[in-house]
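See below for the structure under consideration.
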Amino acid sequence: MPRLTRDFFDRDVLDVAPELLGVTLTHGGVTLRLTEVEAYAGSGVDPGSHAFRGRTPRVEVMFGPPGHLYVYFTYGMHWCANLVCGPQGQASAVLLRAGEVVDGREVAAARRPGASERDWARGPARLTRTLALGRAENGLDACAGEAAHLDAPAAPVAAERIRTGPRVGVSGPGGDVATYPWRFWLDGEPTVSPYRPGVVRRRS
DNA sequence: CATCCGATTTCCT
DNA sequence: GGAAATCGGATGG
C-alpha cells in the first residue's frame with residue numbers, strides 16, 4: 001500500500017478527486033477508507049469554492065502547497081476537511097465527504113457515542129469528528145508521514161464503481177454551480193452520505 | 001421524508 | 001452589522 005506523496009496531489013483537482021476513492025487516510029488512531037469526495041476548483045473559476053473570491057486568512061492554506069489539509073469550521077459547530085490540490089496557487093481542493101473505518105474501531109466508537117458504525121464518517125463533519133481533525137490540523141502536511149498519512153488501495157478501484165453527480169449543499173450565483181458533476185463516490189457503499197440539494201441563496 | 005434549529009466564524013455590506 | 005455557512009441531530013407526519 002504505497003504512501004501518497006505530494007506529486008499525487010500536484011495535479012488537476014478533477015483528476016485527483018476520483019482517484020482518492022478507496023484511498024485510506026489515517027489520523028488520530030483511526031484509519032478511514034474514502035468512499036465519497038467532492039472537487040472544488042480554483043480561485044476565480046468555481047463559485048462553490050471558499051477560495052472563489054480570492055485570498056483571505058481562512059483560505060490561506062488552499063493557496064499553499066498541495067497535499068496539505070484545509071480544515072475549516074462551519075455552522076457554529078462542525079469541522080470539515082479538504083486536501084489541497086495543484087497547481088500551487090490555484091487554490092483547488094478535495095472535500096472529504098465520507099468513508100468507512102477500517103482500523104481503530106475502538107477509538108472511533110468512543111468519538112461517536114451512540115452512532116452506528118455506518119454513520120461514523122457518513123458526512124464531512126462526522127468524518128472529521130471520527131478522525132479527530134480540527135483547527136489544530138489546518139495546514140497539516142498529509143504527505144509528510146507523521147501525524148496524518150494517506151495510502152493507495154492494495155488493488156485499484158474498478159472504474160465502473162465510480163459514480164459522479166452534483167455536489168452536496170452547493171449553490172451559488174448563476175445557479176449552474178449546483179450542476180457541476182464534481183461529487184465522486186463508490187457505488188453500493190453504505191457509508192456514502194445521503195444527497196441534499198443546496199439551498200438557493202437570495203441576494204439581499 | 002420534511003422541516004427546524006443550533007451556536008459560531010467569516011467575510012461582505 | 002448581519003447574512004450565510006462544503007452540516008447533523010432531533011422531531012413530527
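Every chain is numbered from 1, with letters handed out A, B, ... down the list of sequences.
- Inter-residue side-chain proximity for A:Y180 and A:P166 is flagged as unmet; no heavy-atom pair is nearer than 4.5 Å.
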Mind listing the N/O atom pairs, protein and nucleotides 7-9 of chain B, below 3.5 Å?
| residue | atom | partner | partner atom | Å |
| --- | --- | --- | --- | --- |
| B:dA7 | N3 | A:Y75 | O | 2.8 |
| B:dT8 | O4' | A:G76 | O | 3.4 |
| B:dT8 | O2 | A:G76 | N | 3.3 |

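- Cation-pi contact between A:R183 and A:W185: present, with separation from the ring centre below 6.0 Å and deviation from the ring axis of at most 45°.
- Between the P atom of C:dC7 and the CG atom of A:N82 lies a distance of 11 Å, rounded to the nearest Å.
- Looking at residues two or more places apart in sequence or on another chain, you find no ring pair (Phe, Tyr, Trp, His ring centres under 6.0 Å) involving A:F8.
- If you measure from atom CZ of A:R55 to atom P of B:dC11, you get 13 Å, rounded to the nearest angstrom.
- In this structure, the separation between OG1 on A:T130 and CZ on A:R111 is 8.0 Å, given to the nearest 0.5 Å.
- In this structure, A:R53 places its CZ atom 11 Å from C1' of C:dA4, rounding to the nearest Å.
- Inter-residue side-chain proximity for A:F9 and A:V84 is flagged as unmet; no heavy-atom pair is nearer than 4.5 Å.
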Starting at the 5' end of DNA chain B, write a dot or bracket for each base, bracketing those in Watson-Crick or G-U wobble pairs whose two distances are under 3.5 Å and using | for partners on another strand.
||||||.|||||.
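- Hydrophobic side-chain contacts under 4.5 Å tie A:Y195 into a cluster, directly or through other members, with A:V168.
- Atom pair A:F52:CZ and C:dA4:P shows a separation of 17 Å (rounding to whole Å applied).
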When you look at A:R167 and A:D46, which way does the salt bridge (Lys or Arg N to Asp or Glu O under 4.0 Å) test go after all the steps?
CA-CA 12 Å; A:R167 293 177 292 185; A:D46 178 9; 2.8 Å; yes
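- A heavy atom lying under 4.0 Å from DNA chain C marks the following residues of residues 20-45 of chain A, by number: A:Y40.
- As a member of the Ile/Leu/Val/Met/Phe/Trp/Tyr network built from side-chain separations under 4.5 Å, A:M77 groups with nothing else and remains a singleton.
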Are any protein N/O atoms closer than 3.5 Å to N/O atoms in nucleotides 11-13 of chain C? If there are, list each pair with its distance.
none

Worked verdict on A:S92 versus A:Y40 for side-chain contact (heavy atoms from CB on, under 4.5 Å)
CA-CA 6 Å; A:S92 64; A:Y40 286 82; over 6 Å; no
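- Here A:R105 pairs with A:E117 under the side-chain hydrogen bond (donor to acceptor under 3.5 Å, both in side chains) rule; sequence neighbours left out.
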A:T31/A:L25 under side-chain contact (heavy atoms from CB on, under 4.5 Å): CA gap, chis, key distance, verdict:
CA-CA 6 Å; A:T31 299; A:L25 168 61; over 6 Å; no
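- At whole-Å resolution of the value, CG in A:L95 and P in C:dC7 are 7 Å apart.
- The salt bridge (Lys or Arg N to Asp or Glu O under 4.0 Å) analysis of residues 56-69 of chain A, with sequence neighbours excluded, yields the pairs A:R55-A:E60.
- In the set B:dC11, C:dC7, C:dG9, C:dG9 carries the atom at the smallest distance from any side-chain atom of A:R112.
- Nearest-nucleotide assignment on DNA chain B puts the 5′-proximal partner with A:H78, out of A:H78 and A:R58.
- Taking every heavy atom of residues 117-134 of chain A and every atom of DNA chain C, pairs under 4.0 Å involve A:G123, A:P124, A:A125, A:R126, by number.
- Residue A:R167 places none of its side-chain N or O atoms closer than 4.0 Å to OP1 or OP2 of C:dC7.
- Salt-bridge formation is not detected for the pair A:D187/A:R161: no Lys NZ or Arg NE/NH1/NH2 atom is positioned less than 4.0 Å from an Asp or Glu carboxylate oxygen.
- In this structure the side chain of A:R122 reaches within 4.5 angstrom of the side chain of A:D119, judged on heavy atoms.
- A salt bridge (Lys or Arg N to Asp or Glu O under 4.0 Å) check over residues 75-97 of chain A, counting only residues at least two apart or in different chains, returns the pairs A:E36-A:R97, A:E38-A:R97.
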Name each donor-acceptor pair under 3.5 Å that joins a side chain in residues 148-157 of chain A to protein atoms two or more places apart or in another chain, with its distance.
| residue | atom | partner | partner atom | Å |
| --- | --- | --- | --- | --- |
| A:H149 | ND1 | A:D151 | OD2 | 3.1 |
| A:D151 | OD1 | A:R3 | NE | 3.0 |

